[in-house]
Amino acid sequence: QRQLVESGGGLAQAGGSLRLSCVASGTIFSINHMGWYRQAPGNQRELVATITDDGSSVYGDSVEGRFTITRDNAKNTVVLQMNNLKPEDTAVYYCKAELKIYFWKSYHDYWGQGTQVTVNS
């Protein structure tokens, strides 16, 4: 089975930290971008952070300087370290990965089921 599995969501206090992990499993030839998006009730889904296979990263304006994205290619894992959390960070966080299953096939986007992050004042 091919899937993205997220973990690490939960409850934090303002100013605290959480660490999210996403693991891609199944038949995979290569992974280009991996990253995190989030969606709060009434809002559009927005970029949190994304990272390429060589370590180049992009952050959303609202999280830059507070969040750090890293990647372990050997384990097909992307990690989002979230520091100095704010109540407005409360959202469902979704892992996204651009996967090529076989070398002769094209890349496609895969999404995890999402994990809830709640930050209290």
Side-chain angles (χ1 to χ4, degrees):
Q1 183 180 2
R2 194 178 308 116
Q3 61 183 1
L4 301 177
V5 180
E6 300 131 324
S7 63
L11 179 66
Q13 301 299 314
S17 298
L18 286 173
R19 184 180 179 93
L20 304 183
S21 295
C22 176
V23 180
S25 62
T27 301
I28 300 172
F29 175 73
S30 65
I31 307 175
N32 190 10
H33 290 264
M34 296 187 77
W36 293 90
Y37 295 74
R38 69 186 184 187
Q39 187 167 19
N43 292 344
Q44 297 295 312
R45 189 171 298 186
E46 65 177 353
L47 169 72
V48 178
T50 187
I51 186 169
T52 65
D53 59 356
D54 63 357
S56 180
S57 59
V58 175
Y59 294 90
D61 290 341
S62 63
V63 308
E64 189 158 14
R66 300 186 296 119
F67 293 6
T68 302
I69 188 167
T70 57
R71 179 168 173 167
D72 186 338
N73 291 328
K75 298 180 179 179
N76 291 335
T77 299
V78 62
V79 172
L80 183 70
Q81 179 66 46
M82 304 186 293
N83 297 326
N84 193 23
L85 285 163
K86 304 175 181 180
E88 51 263 44
D89 294 319
T90 296
V92 177
Y93 284 68
Y94 297 91
C95 179
K96 178 186 175 183
E98 188 181 19
L99 305 179
K100 185 189 285 276
I101 306 305
Y102 303 103
F103 79 91
W104 61 88
K105 301 186 73 174
S106 61
Y107 282 98
H108 293 276
D109 290 335
Y110 291 78
W111 291 88
Q113 293 300 305
T115 183
Q116 177 71 47
V117 170
T118 302
V119 183
N120 290 331
S121 299

**OP:** Tell me whether Ile101 is reachable from Ile31 by hopping between hydrophobic residues (I, L, V, M, F, W, Y) whose side-chain heavy atoms are closer than 4.5 Å.
**Re:** yes

Subject >> Atom pair CD/OG of Glu6 and Ser21 - distance to nearest 0.5 Å >> reply: 10.5 Å

Original post:
Any side-chain heavy-atom pair from Gln13 and Leu85 closer than 4.5 angstrom?
Top reply: no

Original post:
Ser30 and Tyr107: side-chain donor and acceptor closer than 3.5 Å?
Top reply: yes

**OP:** Would you indicate whether the side-chain heavy atoms of Thr70 and Gln81 approach each other to under 4.5 Å?
**Re:** no

Original post:
Can you tell me how far CG of Leu20 sits from OH of Tyr93, rounded to the nearest 0.5 angstrom?
Top reply: 7.5 Å

Original post:
Is it true that atom CD of Glu88 has more than 12 heavy atoms of other residues, nucleotides or ligands lying nearer than 6.0 Å?
Top reply: yes

Subject >> Ser57 side chain vs Ile51 backbone, donor-acceptor pair below 3.5 Å >> reply: no

Original post:
What closest approach, in Å, do Ala97 and Met34 show between heavy atoms, and which atom pair accounts for it?
Top reply: CB-CG, 4.2 Å

Original post:
Same cluster for Ile69 and Tyr37 if Ile/Leu/Val/Met/Phe/Trp/Tyr side chains link at under 4.5 Å?
Top reply: no

**OP:** Write down the atom of Val78, the atom of Cys95, and the distance for their closest heavy-atom approach.
**Re:** CG1-SG, 4.1 Å

Subject >> Step-by-step side-chain contact (heavy atoms from CB on, under 4.5 Å) determination, Phe29 to Lys105 >> reply: CA-CA 9 Å; Phe29 175 73; Lys105 301 186 73 174; over 6 Å; no

Original post:
For the side chain of Arg19 and the backbone of Val79, is there at least one donor-acceptor N/O pair under 3.5 Å apart?
Top reply: no

Original post:
So which heavy atom on Gln113 is nearest to which on Tyr94, and how close?
Top reply: O-CE2, 3.5 Å

Subject >> Distance-only side-chain donor-acceptor flag, Ser56 / Asp54, under 3.5 Å >> reply: no

Original post:
Hey, does Thr27 have a side-chain heavy atom less than 4.5 Å from the side chain of Tyr102?
Top reply: yes

Original post:
Do you know which two heavy atoms are closest between Leu18 and Gly8, and how far apart they sit?
Top reply: CD2-O, 4.1 Å

**OP:** Determine whether Asp53 and Arg71 make a side-chain contact, defined as any pair of heavy atoms from C-beta on separated by less than 4.5 Å.
**Re:** yes

Original post:
Are any of the side-chain heavy atoms of Arg66 and Asp89 separated by less than 4.5 Å?
Top reply: yes

Subject >> Closest non-hydrogen atom pair, Phe67 against Tyr59 >> reply: O-CE2, 3.2 Å

Subject >> In one Ile/Leu/Val/Met/Phe/Trp/Tyr side-chain cluster, 4.5 Å: Trp111, Val92 >> reply: yes

**OP:** Over all heavy atoms of both residues, which pair between Ser17 and Ala12 is shortest? Give the atoms and the distance, please.
**Re:** O-CB, 4.4 Å

Subject >> Val117 side chain reached by Arg38 side chain, heavy atoms, under 4.5 Å >> reply: no

**OP:** Determine whether more than 12 heavy atoms belonging to other residues, nucleotides or ligands lie under 6.0 Å from atom CG of Asp109.
**Re:** yes

